[in-house]
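The structure appears right after this line, and notes come after that.
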There are 2 protein chains.
Amino acid sequence: MLKRLSKYKTKLGNKKKATIKDIANVLNISPAAVSKALHDDSRISEKTKKAVKQVAKNLNYQPNHLASALRKGKSNLVGVIVPRTNSNFFSSVIQNMEEVLNRKGYNIIITQSNESYKKECANIDTLLFTQVDGIIASMANETVDLSYYEKIKSKGIPLILFDRGENDLNVDYIGINDYESSHMIVEHLVNQGCKRIAHIGGYKHTRIYNNRIRGYIDALGKHHLPLENELLIESNLTTEDGRIKMQQLLKLKKRPDAVYVAGDYAALGALQVLNEQHIDVPNDIALVGFGDEPFTGMVTPTLSSVNQQSSEIGRLAALTFLEHSKKDVVTQSLNKQILDAELIVRESSKKSKN
Amino acid sequence: MLKRLSKYKTKLGNKKKATIKDIANVLNISPAAVSKALHDDSRISEKTKKAVKQVAKNLNYQPNHLASALRKGKSNLVGVIVPRTNSNFFSSVIQNMEEVLNRKGYNIIITQSNESYKKECANIDTLLFTQVDGIIASMANETVDLSYYEKIKSKGIPLILFDRGENDLNVDYIGINDYESSHMIVEHLVNQGCKRIAHIGGYKHTRIYNNRIRGYIDALGKHHLPLENELLIESNLTTEDGRIKMQQLLKLKKRPDAVYVAGDYAALGALQVLNEQHIDVPNDIALVGFGDEPFTGMVTPTLSSVNQQSSEIGRLAALTFLEHSKKDVVTQSLNKQILDAELIVRESSKKSKN
DNA sequence: GTTTTATGGTTAAACGTTTAAGCATAACTA
DNA sequence: TAGTTATGCTTAAACGTTTAACCATAAAAC
């Protein structure tokens with residue numbers, strides 16, 4: 001009796017949030033019964049359930065996520081690591097991922113690596129520290145050392161990679177067919193009559209860019225075009241570097257008549273240089289980017305590019321995580337889902353003679 | 001003895017994560033001592049601290065954030081709500097916010113409203129459910145009803161708004177001086193010789209857009225230019241709507257000789273229309289955007305715009321939250337921090353005669 | 001030589017849930 | 001009527017920390 005009174009006092013004093021205990025007290029049942037009622041446990045009568053839910057509403061009860069996560073050993077939080085969010089691709093992936101996961105009661109924590117390996121490691125620590133139930137990531141350009149990702153695996157937490165992934169890690173991966181996309185692009189340029197096709201590619205150590213490079217090389221071969229070293233350039237694919245690499249190409253004795261850039265931002269830099277030098281795009285030099293960022297349709301001339309299926313990638317990444325979380329045995333099942341990309345032909349590669 | 005054995009067994013079986021209990025067992029001290037040692041409590045000897053930290057490292061101990069958050073009643077998580085992340089402004093704000101908060105042991109959860117009021121409410125629920133210690137938000141365009149934000153205040157959780165904020169809510173706010181920015185822009189256009197300056201503005205019910213509109217009107221007055229209704233248009237400021245509103249302006253009997261658009265994306269749409277109709281920008285019609293998105297320097301002609309101090313806003317928002325979290329009394333102190341913005345003049349508003 | 005004060009811990013409760021196990025009571029079965 | 005089963009709860013422990021309160025022991029003070 002005394003105990004109850006004092007409890008009541010403090011409750012009034014602090015104006016604390018309502019807990020299941022408060023609900024239990026009102027109805028004179030046990031907290032356990034309340035918990036079960038709120039979760040529609042079959043062992044609780046409909047009458048009690050209804051009463052509990054009513055009182056919960058009256059008291060403005062909000063479940064304490066921390067407590068339930070601690071007890072259940074899962075946080076219902078999924079960590080996401082992306083190089084940056086201010087790209088349409090990543091932000092669209094995230095949006096679709098979120099949609100799927102929210103429906104299943106998961107929330108996501110987004111972190112950005114800013115293409116920095118160090119930041120990426122810090123992000124992983126942050127997410128592990130926050131007890132996420134899984135991590136969905138796209139790796140920074142810089143990342144070569146994978147030991148930090150091994151750390152995730154060793155904790156038994158599902159890890160799913162998308163876009164920028166690494167085969168060697170042996171984890172699930174969702175991405176587009178980069179190799180095939182390069183074929184599409186080269187084929188398209190050949191159809192436009194181009195004969196000296198250059199490629200400003202990404203870092204070779206990143207799998208997707210390596211695949212695009214391989215696709216470029218093989219496609220040249222397929223169309224009996226010679227592969228020239230000076231036409232294949234490695235870049236960090238920023239706008240600034242796109243400018244630099246384009247200037248480099250323009251200095252060649254034999255200029256290319258088409259440039260395929262592995263990223264839209266770098267393609268934009270290249271386009272700026274071409275415009276500044278009053279080179280006719282596409283008739284003198286055709287240009288194709290990669291990623292289908294919104295600005296590709298905004299610049300002059302509009303920029304051909306490859307749509308990367310961001311929505312589908314986000315959806316599949318989320319579903320893959322959910323698949324993992326269903327089974328309690330954490331088998332990293334090495335399931336690679338490769339989607340077909342779509343070439344969006346715009347002005348920068350559509351020659352007028354066609 | 002038996003108990004210990006069984007405990008050891010399960011530990012081997014599940015390969016569970018190490019806890020402070022495990023560390024305590026190794027050193028034959030109490031878990032409480034371990035906790036204190038890890039937090040450098042003065043009541044623990046240096047020797048013990050060192051030993052504890054060594055064992056912690058050996059066992060690959062990671063503190064269980066959930067447990068500590070539950071016990072301490074705070075999650076060290078800050079929720080962030082932005083209309084979208086794929087804008088340079090918001091992504092830069094977030095990045096700077098994160099930097100400041102990470103240093104103080106806080107992590108952030110980013111959510112996007114996609115300019116939808118409904119999604120925004122869902123985000124607030126999500127964040128409250130996740131037991132964040134504070135919320136930093138920029139409101140969706142759609143948002144008019146503020147009851148959901150009141151919900152945050154009523155929970156006693158610090159709420160800080162930036163960029164898109166509402167005076168009426170009486171909470172901390174960080175933003176730029178929109179009113180003054182409009183003055184700067186109009187003054188600049190007047191200096192370029194423009195006499196019929198139009199404004200494609202945002203929704204009047206959003207404070208920042210309203211301030212820009214007021215600034216525009218007052219600046220016209222200051223320069224003795226008449227305010228004409230047909231030159232002041234309300235828009236949702238998407239690229240598409242920028243196109244539509246520009247077309248509307250071009251249909252006027254007396255066209256404007258300058259257009260000030262309250263957002264870069266809409267300004268881009270306007271620019272597209274002008275380019276398509278081969279109208280000389282800036283000589284026939286000068287154009288100024290708002291936000292200094294990276295693409296403003298990429299389009300042809302490059303687009304004058306206003307830099308919104310994203311880094312500083314992010315930093316200040318974070319610091320303001322930290323200020324709140326220091327005092328346990330949650331006083332919403334109504335502290336408005338207004339920064340000066342910077343006009344970046346590019347080709348679209350620099351007339352050749354100047 | 002007794003009292004005071006540091007020093008360096010220990011104990012136990014608490015945070016709010018969830019859940020395995022237990023236990024009345026009622027209802028049905030044979 | 002005794003035995004079984006179903007219904008609808010209750011009890012108590014557990015999740016991993018933190019922290020207030022307590023307690024030895026040793027050193028210092030008087």
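In what follows, every chain begins at residue 1, and chains take the letters A, B, ... in the order their sequences are listed.
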Among [options], the one nearest [X] by side-chain distance:
X       : options                : value
B/Ala67 : D/dT18, D/dT17, C/dG8  : D/dT17
A/Arg71 : C/dG9, D/dT17, C/dT19  : C/dT19
B/Ser30 : C/dT19, D/dT10, C/dT10 : C/dT10
B/Lys72 : D/dT18, D/dC9, C/dT18  : D/dT18
A/Ala32 : C/dG16, C/dG8, C/dT19  : C/dT19
B/Ser45 : D/dT17, C/dG8, C/dT17  : C/dG8

Suppose we call a contact any N or O donor and acceptor under 3.5 Å apart; does that hold for the side chain of B/Arg43 and the base of C/dG9? no

Taking [atom1] from [X] and [atom2] from [N], how many angstroms apart are they, rounded to a whole number?
X       : N      : atom1 : atom2 : value
A/Gln62 : C/dC15 : CD    : P     : 19 Å
B/Asn64 : D/dA14 : CG    : C1'   : 13 Å
B/Leu70 : D/dC15 : CG    : C1'   : 9 Å
B/Asp40 : C/dG8  : CG    : P     : 14 Å
B/Leu38 : D/dT18 : CG    : P     : 8 Å
A/Asn25 : C/dG16 : CG    : C1'   : 14 Å
B/His65 : D/dG16 : NE2   : P     : 15 Å
B/Leu66 : C/dC15 : CG    : P     : 17 Å

Closer than 4.0 angstrom, basic N to acidic O: yes or no for B/Glu142 and B/Lys119? no

Does a nitrogen or oxygen in the side chain of B/Ser35 sit under 4.0 Å from OP1 or OP2 of D/dT17? no

Using only side-chain N and O atoms of B/Thr48, determine if any of them is under 4.0 Å from OP1 or OP2 of C/dG9. yes

Hey, which of these two, A/Tyr61 or B/Ile29, hits DNA chain C nearer its 5' end, going by closest nucleotide? B/Ile29

Find which nucleotide of DNA chain C each of A/Ser68 and B/Lys36 is nearest to by heavy atoms, and output the residue with the more 5' nucleotide. B/Lys36

Quick check on side chain to side chain donor-acceptor pair (under 3.5 Å): which of A/Asn58, A/Asp40, A/Thr48 does A/Lys53 satisfy it with? A/Asp40

Do the side chains of B/Tyr61 and B/Asp22 get nearer than 4.5 Å, heavy atoms only? no

In terms of the angle between their ring planes, are A/His65 and B/Phe129 parallel, tilted or perpendicular, with boundaries placed at 30° and 60°? tilted

Does atom NZ (A/Lys50) have a neighbourhood of more than 12 heavy atoms from anything else shown, all under 6.0 Å? no

Mapping A/Pro31 and A/Ser42 onto DNA chain D by nearest heavy atom, which one lands closer to the 5' end? A/Ser42

As a test of understanding, state which of B/Leu127, B/Leu128, B/Val78 forms a side chain to side chain contact (heavy atoms under 4.5 Å, CB included) with B/Ile157. B/Leu128

Over all strands shown, is A/Thr19 touching base, sugar-phosphate only, or nothing at heavy-atom distances under 4.0 angstrom? sugar-phosphate

